[in-house]
2 protein chains.
Amino acid sequence: MPAPAKTTDAAVVAAARRLLEAEGPAGVTMQAVAAAVGVRAPSLYKRFADRAALLAALDAAIVAEFAAALDAPPGDDAVADVAAMAARYRAFAHTTPHGYQLMFSAEVPWTEAVAARRRAAAAPALAAVARLTGPERALDATRALTAYLHGFASMQASGAFRFGGDPEPAFALGLSALLARFAGEAVSKRRRPAPPPA
Amino acid sequence: MPAPAKTTDAAVVAAARRLLEAEGPAGVTMQAVAAAVGVRAPSLYKRFADRAALLAALDAAIVAEFAAALDAPPGDDAVADVAAMAARYRAFAHTTPHGYQLMFSAEVPWTEAVAARRRAAAAPALAAVARLTGPERALDATRALTAYLHGFASMQASGAFRFGGDPEPAFALGLSALLARFAGEAVSKRRRPAPPPA
DNA sequence: ACCTGAACACCGTTCAAGT
DNA sequence: ACCTGAACACCGTTCAAGT
């Protein structure tokens with residue numbers, strides 16, 4: 001009758017999280033995770049239906065980390081707030097590349113629960129962008145900005161931009177183009193005088 | 001002494017290409033590729049050092065496909081040329097998602113040869129952007145644009161943007177913001193009158 | 001109730017043996 | 001020269017048997 005649990009769901013996910021960042025997704029094997037919590041691989045199937053379910057739980061933990069990393073109280077400059085959030089986004093992707101990439105990986109099966117978590121995590125970003133664009137354009141603007149941030153982060157992570165020098169000016173150029181348009185085009189460049197008539 | 005080759009490197013890569021698009025990267029196993037060319041898995045090791053080398057050859061084939069899909073003769077409107085290239089970029093990613101994604105996958109080991117192929121494939125895009133920005137800003141602008149296109153394509157492929165309706169207006173918004181900045185800010189929006197003095 | 005060893009199907013990879 | 005079966009280490013997963 002004694003059946004002492006040797007571990008917990010949370011401990012399993014935490015072990016998976018450590019393995020992910022240390023070894024990449026291929027290092028998150030059922031055997032390695034089990035060993036990290038002092039158990040044999042078959043025991044994990046009492047807690048998670050299969051490896052995909054474990055990865056989905058890991059994804060949930062990472063989305064929470066990510067949302068916390070993006071979070072900051074709004075200041076009085078909406079442009080600066082969004083720019084700062086963009087910087088935090090990049091910092092997270094750079095600091096924890098495997099965790100970041102798992103959120104976009106096909107290894108995490110797409111379910112309604114996954115989608116709901118992402119929407120919840122995106123809400124503060126949407127709100128910050130809305131302060132810049134108004135509510136009408138907030139969704140489109142957030143999508144465009146997120147695409148840009150994700151594209152830059154993932155290309156940098158996968159080794160693109162390895163030549164031709166510093167990618168920072170390129171990042172700044174694209175970001176300022178987006179923010180300027182979102183804010184109504186009067187932000188980071190003075191208007192030039194009208195061109196002379198033809 | 002007879003030792004008739006049953007297949008060729010090109011046939012192996014072509015079989016891998018078909019498997020990739022049909023089943024995703026996990027479907028590209030040495031056994032499945034071998035079976036597709038009428039051979040047993042160990043024979044593939046006479047042609048490719050290991051699965052990573054096969055994937056590198058597959059990547060080369062895909063980069064060539066991609067470059068061909070982007071290619072088009074320049075017209076007389078540089079903005080329209082870049083916008084059209086962006087549309088072809090998206091079309092490729094949408095039509096052949098697994099092929100597209102392999103180019104950014106960690107499964108393809110990063111080597112100097114891989115990097116050289118990518119630079120060659122990016123040259124026409126760089127040239128098209130240079131017609132818009134001048135040579136000084138062309139590299140930064142191409143990087144920013146590529147990040148945006150890649151981000152949008154990969155988020156759409158991974159199922160983001162599944163809610164809140166059509167992602168097309170978001171794509172158009174971000175693209176026009178980038179192109180307007182690249183072209184010097186006078187493209188898709190009329191200047192507003194100067195704000196009244198404070 | 002939870003844990004375990006043994007087993008199965010499936011990988012990538014090596015290698016001695018065939019022709 | 002190229003191909004093959006057999007073998008090995010390693011996966012994910014199942015299940016009967018232990019406590």
Side-chain angles (χ1 to χ4, degrees), chain A residues 1-59 98 101-102 105-111 114, chain B residues 1-59 98 101-102 105-111 114:
Chain A
M1 225 167 286
K6 287 187 170 180
T7 186
T8 64
D9 290 12
V12 170
V13 171
R17 181 73 185 89
R18 269 177 255 116
L19 275 165
L20 176 68
E21 219 56 65
E23 323 239 1
V28 185
T29 68
M30 299 302 271
Q31 325 205 8
V33 173
V37 297
V39 123
R40 303 287 185 163
S43 296
L44 297 181
Y45 292 82
K46 291 282 159 180
R47 304 181 172 281
F48 301 96
D50 50 25
R51 183 171 178 270
L54 202 177
L55 290 181
L58 179 52
D59 172 80
H98 293 299
Q101 294 200 126
L102 190 76
S105 165
E107 296 204 76
V108 177
W110 191 268
T111 64
V114 167
Chain B
M1 225 167 282
K6 288 188 172 179
T7 185
T8 64
D9 290 12
V12 170
V13 171
R17 182 73 186 90
R18 270 177 253 119
L19 275 165
L20 176 69
E21 219 56 65
E23 324 238 2
V28 185
T29 68
M30 298 304 269
Q31 325 205 9
V33 172
V37 297
V39 126
R40 301 289 185 165
S43 295
L44 297 181
Y45 292 82
K46 291 282 160 179
R47 305 180 172 281
F48 301 96
D50 51 24
R51 182 172 178 270
L54 202 177
L55 290 181
L58 179 52
D59 172 81
H98 293 299
Q101 294 199 126
L102 191 76
S105 164
E107 296 203 77
V108 177
W110 191 268
T111 65
V114 168

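The analysis underlying the following values was restricted to heavy atoms, covering all of them including side chains, and did not include hydrogens, waters or symmetry mates. In this text the structure is predicted, and so the values were computed from the model without any measurement. In the text below, chain A, chain B and the rest are named by the order of the sequence lines, each starting its count at 1.
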**Item:** For B/Ser105 against B/Glu107, the heavy-atom pair lying closest together
**Value:** OG-N, 2.8 Å

**Rounded distance [0.5 Å steps], NE2 in B/His98 versus CG in B/Leu58** = 12.0 Å

**Asked** To the side chain of A/Pro42, which of D/dC3, C/dT13, C/dT4 is closest?
**Response** C/dT4

**Request:** Please report the shortest heavy-atom distance between A/Leu55 and A/Leu102, naming the atom on each side.
**Result:** O-CD2, 4.2 Å

**Test side chain to side chain contact (heavy atoms under 4.5 Å, CB included) applied to B/Phe48 and B/Val13, step by step** = CA-CA 10 Å; B/Phe48 301 96; B/Val13 171; 4.0 Å; yes

**Message:** Using modelled atom types and a 3.5 Å cut-off, is there a donor and acceptor pairing between side-chain atoms of A/Arg51 and backbone atoms of A/Val28?
**Reply:** yes

**Message:** Can you list everything that forms a side-chain hydrogen bond (donor to acceptor under 3.5 Å, both in side chains) with B/Arg17? Sequence neighbours excluded, please.
**Reply:** B/Glu21, B/Glu65

**Request:** Could you check which residues of residues 18-36 of chain B get a heavy atom under 4.0 Å from DNA chain D? Sort them by number, please.
**Result:** none

List the atom pairs, with distances to 0.1 Å, where a side-chain N or O of residues 31-43 of chain B and a protein N or O form a donor-acceptor pair under 3.5 Å, not counting sequence neighbours.
none

**Fill in**
Per the 3.5 Å Watson-Crick/G-U criterion and a run length of at least three, the stems involving DNA chain D are C:4-8 with D:12-16, C:12-16 with D:4-8

**With sequence neighbours excluded, residues passing salt bridge (Lys or Arg N to Asp or Glu O under 4.0 Å) with A/Asp9** = A/Arg47

**Asked** Going from CG on B/Leu19 to OG1 on B/Thr29, what distance comes out if it is rounded to the nearest 0.5 angstrom?
**Response** 7.0 Å

**Item:** Taking every non-hydrogen atom, the tightest pair across B/Asp50 and B/Tyr45
**Value:** CA-CE2, 4.0 Å

**Prompt:** Near DNA chain D, under 4.0 Å by heavy atom, which residues of residues 43-53 of chain A?
**Reply:** A/Tyr45, A/Asp50, A/Arg51

**Nearest-angstrom distance from the residue atom CZ of A/Arg40 to P of C/dT4** = 7 Å

